[in-house]
Amino acid sequence: MFRDTVRFANAINSPASAILTDDLEVYRRIRDGMTNEDSEWLFLGRGAGRDVADNQQGGLRGDHGTSEIHIRNQFKAWLAYMSQPA
Amino acid sequence: MTATSLKSAARRDDPTLAEIEDFVDHEARLLDQGRYDDWLALYADDAYYWVPLRPEQKSAQDEVSIFYDDRMLMETRVRRLAHAQAHAQTPHSRTVRVLGRLALDAHDAAKGEYVTSATFMMIEYRQGEQRVYGGTARHCVRRAGDGWRIAWKRVDLVNAEGVHEPISIPF
């Protein structure tokens with residue numbers, strides 16, 4: 001158990017992790033992108049149109065692990081709350 | 001391993017050590033040229049590649065490391081480096097390695113294994129930034145056919161326990 005945790009830490013959290021290095025690169029690119037004042041929109045369309053019905057919990061879920069449906073869902077809920085009459 | 005210390009052996013007179021030095025030098029060239037499949041082929045099936053998190057580290061199982069790859073993880077790493085969506089390597093790093101003089105630390109005659117060490121520097125350039133790594137690389141090699149295979153490699157960085165930028169390329 002402990003040794004599995006060590007292996008997991010190496011694979012996921014080491015500065016040489018094949019997973020973390022790609023994540024950090026993407027975070028850096030996003031940060032660079034956020035400094036661009038010409039674009040006021042965030043693109044959250046990943047997986048849109050490919051989401052599938054969740055038969056157990058109702059609603060939709062992404063058909064793959066990187067769908068942004070949960071973020072779109074949050075914004076949809078926010079819009080619904082904000083546009084309710086007082 | 002039951003090792004015989006050969007530290008005092010005169011390197012210039014030792015053809016085996018000269019051969020291993022060529023081999024270790026060849027490994028560095030393959031990495032500098034980004035020939036990762038050829039690099040992987042230098043390693044034995046039971047090999048591991050280890051970069052500890054601190055110089056005195058005794059175990060890769062009981063403490064976390066910067067790298068601790070068995071053959072399977074090495075293959076995964078090499079496949080990723082060749083993958084078009086390896087973001088941390090788009091664009092690829094450019095590296096040069098400079099190796100110091102190779103010393104023979106131990107020879108296990110029963111296993112036919114030699115342990116050598118050499119200091120190294122690796123300069124990496126990627127996207128406008130240059131980084132410098134340095135340390136000691138230890139190789140355990142054994143004969144395989146008319147060449148050599150690496151049984152294990154341990155790299156001790158001088159700043160092992162320091163704060164690191166993302167590391168994509170093995171040393």
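The chains referred to below are lettered A, B, ... by the order of the sequence lines, with proteins before strands, and numbering in each begins at 1. Heavy-atom basis, side chains included; hydrogens, waters and symmetry copies ignored.
For the atom pair OG of A/S14 and CD1 of B/I167, the computed distance is 6.5 Å after rounding to the nearest 0.5 Å.
Applying the salt bridge (Lys or Arg N to Asp or Glu O under 4.0 Å) rule to pairs touching residues 73-86 of chain A yields nothing, sequence neighbours excluded.
With hydrogens and angles ignored, the 3.5 Å screen pairs no side-chain donor or acceptor of A/N10 with any backbone N or O of B/V64.
Within 6.0 Å of CE in A/M82 there are more than 12 heavy atoms belonging to other residues, nucleotides or ligands. B/R94 CZ: 12 or fewer foreign heavy atoms inside a 6.0 Å radius. Under a cut-off of 6.0 angstrom, the local environment of CZ in A/R46 is sparse, with at most 12 non-hydrogen atoms contributed by other residues, nucleotides or ligands.
Taking both residues in full, the closest heavy atoms of A/R29 and B/T90 are given as NH2-O, 3.2 Å, listed atom of the first, atom of the second, then distance. When all heavy atoms of B/A88 and A/T21 are compared, the closest pair comes out as CB-O, 3.5 Å.
Tracing side-chain contacts under 4.5 Å through hydrophobic residues (I, L, V, M, F, W, Y), one never reaches A/F75 starting from A/Y81; they form parts of separate clusters. B/L73 is not connected to B/V78 by any chain of hydrophobic side-chain contacts under 4.5 Å among Ile, Leu, Val, Met, Phe, Trp and Tyr, and they are in different clusters. Hydrophobic clustering, with ILVMFWY side chains joined whenever heavy atoms are under 4.5 angstrom apart, groups B/L30 together with B/L81. Both B/L99 and B/Y43 sit in one connected hydrophobic cluster of ILVMFWY residues. Membership requires side-chain heavy atoms under 4.5 Å apart, directly or through other members. Taking hydrophobic clusters as Ile, Leu, Val, Met, Phe, Trp and Tyr residues chained together by side-chain heavy-atom distances below 4.5 Å, B/F171 does not share a cluster with B/V96.
Ranked by non-hydrogen atom pairs under 4.5 Å with chain A, the options B/Q89, B/Q85, B/R80, B/H164 are led by B/R80.
With a 4.5 Å cut-off on non-hydrogen atoms, B/T76 does not touch chain A at all. With a 4.5 Å cut-off on non-hydrogen atoms, B/E63 touches chain A through its backbone but not through its side chain. Proximity to chain A (any heavy atom under 4.5 Å) is shown, for B/I169, by neither the backbone nor the side chain.
A/R7 and B/S65 form no side-chain donor-acceptor contact under 3.5 Å, judged by distance and modelled atom types alone.
The closest side-chain heavy-atom distance from A/V6 to B/Q61 is not below 4.5 Å. In this structure, A/L20 and B/P166 have side chains that are not in contact, with every pair of non-hydrogen atoms separated by 4.5 Å or more.
A salt bridge links A/E25 and B/R126; the closest N-O separation between the charged side-chain nitrogens and carboxylate oxygens is under 4.0 Å.
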- Message: Under the criterion side-chain contact (heavy atoms from CB on, under 4.5 Å), I'd like the reasoning laid out for A/R28 against B/Q127: C-alpha separation, chi angles, the key distance, then a yes or no.
- Response: CA-CA 12 Å; A/R28 188 186 60 75; B/Q127 280 203 320; 2.7 Å; yes
